[in-house]
Protein chains: 2
Amino acid sequence: MTQVNRRERDRSGTDRDIRRQARELLVTQGPQAVTLRAIARELGITAPALYRYYASREDLIAHLRADVCADLAVGLGKALAEVPQTDHIGQVLAICRGFRAWALHHPQEFALVFASPAAAPGENCAIAAADTGTESFGQIFLTVAGRVLATGILLAKPDEPVPTDMRADLTRFRDDLVVNMAATGVAVPSELVGVGTAYAMLRFWVRLYGQVALEVFGQFPFPVSDAEPMFESMLDDLVRDVGLR
Amino acid sequence: MTQVNRRERDRSGTDRDIRRQARELLVTQGPQAVTLRAIARELGITAPALYRYYASREDLIAHLRADVCADLAVGLGKALAEVPQTDHIGQVLAICRGFRAWALHHPQEFALVFASPAAAPGENCAIAAADTGTESFGQIFLTVAGRVLATGILLAKPDEPVPTDMRADLTRFRDDLVVNMAATGVAVPSELVGVGTAYAMLRFWVRLYGQVALEVFGQFPFPVSDAEPMFESMLDDLVRDVGLR
DNA sequence: CGCTCTAGTAAACGGTGTTAACTCCCGCCC
DNA sequence: GGGCGGGAGTTAACACCGTTTACTAGAGCG
């Protein structure tokens, strides 16, 4: 029993070490530096040993992605905990500001998780991270959104007009939202969340993501000495457009 | 004379071949496949020969970036030519749609030019590509904006309130805009373009970029079968918010 | 004790960027 | 025309990289 535990603890211990080292290399030297041999070297083992833990470098990177995602989620969770649960707008702002701050402080991770063309096909980690058992970053988003919805403050008229071609997708999204919220223990009257609500949330995310990505990649059309005022201004618009405040 | 030309033509000829091959590899096999040895192999030469043309792989990639940028610019220029010069809204829409279409059809290039963390520090190619003599992608944007402004249709009140902390940056941007437009032959009354105008253009770009990046990287919070309606909806909002239509 | 199973190793293969020394030939000057 | 400088290109080598194969050493279990 203890022996098995011992053995398994050793294994998962070095596994943790591997991912920690990979992460370290990623943040300090960029993605091209996270190499199997470098990780192994730093851990005092040899590169092929890593194949006991991951099928390939790509596999390791995928797990790294999930790790980054999970870390972001706990970070946002902490930021959220510092805002009273009754201050819903404050919670929304905290999430958005937290996401931006994280992205700016971890550009490599951001690029890896949120802007790598390889991640494009199929599901991604933004909301649904079904493969990793860990709570995903998107879960936090949805949880906060659920809390806001639960107060009866409408994000938008539940049946606000929506591009007709998107109605099917949005309906599915809405249904997912409802079950997701129920699963996280947030009771929200299901008639409050309609396709219009789902659409509003989508647009909210698009603009938040876009602003952050632009800032991280420095794609401003002119030199910007400090982008925070712009972010705050955008956030103000966003919160107003979506029906809060 | 001719001999010198001959020699130089040979040189710039193989230079063009190198970049063309690099480009080919980029689009067909992704960025990790654009390798010096592969390029050389395809050209029937050996890898070290490439060092006669570029100081390093990174240097080659940088030039590739500029090439991609320039190509996008001519592509957008063509799209623009198919819209009557008097249809200013149509021109704006053509540019935006062209940008999206290009990004979706060339995700690798898009990631390389518009979403690589390495490109972040300092100037980028979005607007100012002073190092490459070629017209940049941003020039097209500015030209169209200039045409719109020249008609007297305000993008926004020239002195619309602006985040105070951004005033200095925006003023510089405005000044750049004016000289840029003058240089491209678009006569625009300088009192029509104020910091508010500059701010409106910035916000326009942020939302366009954000939407396109999100779509290219597939970072939707749920499976979207067809993102075009959403793009069109966003475009509609954008054009209206900015004061056109 | 012996058996099994596994984390780890050593060696090797083919690929990479990069450097150094070397050809070879074009275009210029005398 | 005859040398010659210089640049395009080559070959060889170095130090990396991911990955595979065959192996070793040791822990846990009967």
Side-chain angles (χ1 to χ4, degrees), chain A residues 1-65 108 112 116 118-119, chain B residues 1-65 108 112 116 118-119:
Chain A
M1 198 64 83
T2 19
Q3 297 85 341
V4 174
N5 280 351
R6 174 88 138 82
R7 197 158 181 156
E8 294 214 340
R9 194 168 341 136
D10 273 18
R11 178 176 174 84
S12 69
T14 60
D15 184 20
R16 238 196 357 266
D17 289 349
I18 292 171
R19 303 221 287 248
R20 191 161 38 76
Q21 267 304 331
R23 190 73 169 279
E24 170 84 12
L25 288 167
L26 174 65
V27 300
T28 59
Q29 269 130 277
Q32 85 293 346
V34 41
T35 171
L36 295 186
R37 290 185 131 104
I39 295 168
R41 203 180 307 131
E42 219 72 29
L43 261 52
I45 60 178
T46 61
L50 298 179
Y51 284 79
R52 296 278 164 196
Y53 299 85
Y54 301 95
S56 67
R57 184 189 122 106
E58 208 43 55
D59 185 31
L60 196 164
I61 299 278
H63 281 79
L64 200 56
R65 238 191 287 266
Q108 308 288 3
L112 184 68
S116 80
Chain B
M1 196 68 82
T2 20
Q3 296 85 343
V4 173
N5 280 353
R6 174 85 137 81
R7 196 156 183 161
E8 295 214 340
R9 194 167 343 134
D10 273 15
R11 178 176 174 84
S12 69
T14 60
D15 184 19
R16 239 196 356 265
D17 289 348
I18 292 171
R19 304 222 286 249
R20 190 161 39 76
Q21 267 305 331
R23 189 72 169 279
E24 172 82 13
L25 289 167
L26 175 65
V27 300
T28 58
Q29 268 130 279
Q32 84 291 346
V34 43
T35 171
L36 296 187
R37 291 186 130 104
I39 297 168
R41 206 179 305 131
E42 218 71 30
L43 260 53
I45 60 178
T46 60
L50 298 178
Y51 283 80
R52 296 278 163 196
Y53 298 86
Y54 300 96
S56 67
R57 185 190 122 106
E58 207 43 53
D59 186 31
L60 195 163
I61 299 280
H63 282 79
L64 199 57
R65 239 192 286 267
Q108 307 289 3
L112 184 68
S116 82

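Lettering follows sequence order; numbering is per chain, from 1.
For the pair B/Asp59 CG and C/dG17 P, the computed distance is 14 Å after rounding to whole Å. One atom, CD1 of B/Ile61, and another, P of C/dT18, lie 10 Å apart when rounded to the nearest Å. Residue B/Leu43 contributes atom CG, which lies 15 Å from atom P of D/dA8 at whole-angstrom precision. Whole-Å rounding puts the B/Arg57 CZ to C/dG15 P distance at 17 Å. Rounded to an integer number of Å, the gap from CG of B/Leu50 to C1' of D/dA8 is 12 Å. Taking atom OH of residue B/Tyr54 and atom P of nucleotide D/dA8, one finds them 13 Å apart after rounding to whole Å. Rounded to whole Å, the distance from CG on A/Leu60 to P on D/dG18 is 10 Å. In this structure, A/Glu58 atom CD and D/dC17 atom P are separated by 17 Å, rounded to whole Å.
Side-chain atoms of A/Tyr53 and A/Arg19 include no donor-acceptor pair closer than 3.5 Å. Between the side chains of A/Arg65 and A/Ser116, at least one donor N or O lies within less than 3.5 Å of an accepting N or O.
For A/Ala49, the side-chain atoms get nearest to C/dG8 when compared with the rest of D/dG18, C/dG8, C/dG17. In the set C/dA20, D/dG18, D/dG9, C/dA20 carries the atom at the smallest distance from any side-chain atom of B/Pro48. Residue A/Arg52 has its side chain nearest to D/dC23 when only D/dG18, D/dC23, D/dG9 are considered. Relative to the side chain of B/Tyr51, the nucleotides C/dT18, D/dC17, D/dG18 differ in distance, and C/dT18 lies closest. Distance from the side chain of A/Tyr53 is smallest to C/dG8 among C/dG8, C/dA11, D/dT10. Taking only side-chain atoms of A/Ala38, from C-beta outward, the nucleotide of C/dC22, D/dC17, D/dT19 with the closest atom is D/dC17.
In this model, the phosphate group of D/dT10 is approached by a side-chain N or O of B/Thr46 to a distance below 4.0 Å at OP1 or OP2. Between B/Arg41 and C/dG14 there is no side-chain N or O to OP1 or OP2 distance below 4.0 Å. One finds no side-chain N or O of B/Thr35 lying less than 4.0 angstrom from the OP1 or OP2 phosphate oxygen of C/dG15.
Side chains of A/Pro31 and A/Leu26 form a contact here, defined as non-hydrogen atoms less than 4.5 Å apart. Counting heavy atoms from C-beta on, the side chains of B/Ile18 and B/Leu43 come closer than 4.5 Å.
Summarising the geometry of A/Ala33 relative to A/Ala38, their closest heavy-atom pair is O-CB, 4.1 Å, with the distance given to 0.1 Å.
Here A/Arg37 lies in heavy-atom contact (under 4.0 Å) with a base.
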